[in-house]
Amino acid sequence: MAYWLMKSEPDVFGINDLAQRPLQTELWDGVRNYQARNYLKSMQVGDLAFFYHSNAKPPGIAGIVTISRTAYPDPTQFDKHSPYFDERSNPTDPRWMSVDVTLVTIFEHLISLDALRAQPALADLPLLRRGNRLSVLPMAPSAWEIINRMANMPVSHA
DNA sequence: GCCAACGTTGGC
DNA sequence: GCCAACGTTGGC
């Protein structure tokens with residue numbers, strides 16, 4: 001089993017939107033970066049991912065989801081009316097992938113980006129590296145545990 | 001709204 | 001294959 005971090009803008013689709021979906025499950029669409037796409041392809045059912053709110057005030061980790069369906073062609077790439085439409089993608093050889101995610105936990109308090117940066121043990125976290133723009137990132141088990149502990153603390157660390 | 005960082009595109 | 005131009009991400 002592997003650990004991940006997946007970014008979404010809460011103004012577009014946040015963790016509370018996921019909570020309101022049937023079975024608290026939704027496809028994760030719109031990934032248009034090859035490296036992030038390759039991470040999606042390697043996900044297995046049962047993998048866990050932090051749900052990160054980007055372009056938010058404040059940005060941070062809002063909760064945990066599990067991968068409930070492995071990668072399949074992202075339908076929005078073929079939808080002319082979707083902002084994610086890609087005219088160069090071919091149905092016989094789809095360029096972009098989705099997975100399904102199912103809600104596991106909404107953290108009582110968002111773990112803010114500031115709080116993450118304040119943890120010396122997370123100094124090497126890819127998420128915190130300058131200029132990182134990948135919307136799907138792998139997480140080392142050690143980092144996963146540290147952040148999980150932060151989530152379970154009674155007081156926020158921002 | 002600004003802008004640094006970075007990926008992609010396309011001319012050559 | 002190089003690299004300038006351009007578009008996007010995402011924190012601030």
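The shown structure was predicted, so the numbers you read here are calculated from the model rather than taken from an experiment. As a basis for the values below, the full set of heavy atoms in this structure was taken, side chains included, without hydrogen atoms, waters or symmetry mates.
Note that the first and last nucleotides of DNA chain B, 5' to 3', having any atom under 4.0 angstrom from a heavy atom of chain A are B:dA4 to B:dT9.
For A:R133, the salt bridge (charged side-chain N to carboxylate O under 4.0 Å, His left out) test picks out no residue, with sequence neighbours left out. Take A:R32 and apply the salt bridge (charged side-chain N to carboxylate O under 4.0 Å, His left out) test, not counting sequence neighbours, and it matches A:D74. Legend: residues meeting salt bridge (charged side-chain N to carboxylate O under 4.0 Å, His left out) with A:R95, ordered by chain and number and at least two apart, are A:D86. The ring-ring contact (aromatic ring centres under 6.0 Å, His included) check on A:Y34 picks up A:W96, with sequence neighbours excluded.
Looking at heavy-atom distances under 4.0 Å, A:R130 makes contact with sugar-phosphate atoms alone, never a base. Contact annotation for A:R129: no contact, since no heavy-atom pair falls under 4.0 Å across all strands.
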Sequence neighbours left out, cut at 3.5 Å: what donor-acceptor pairs do the side chains of residues 5-13 of chain A make with other protein atoms?
residue, atom, partner, partner atom, Å
A:K7, NZ, A:L134, O, 3.1
A:S8, OG, A:F13, O, 2.5
A:E9, OE2, A:N55, ND2, 3.2

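Taking for each of A:R133 and A:R117 the nucleotide of DNA chain C with the nearest heavy atom, the 5'-most of the two is the partner of A:R133.
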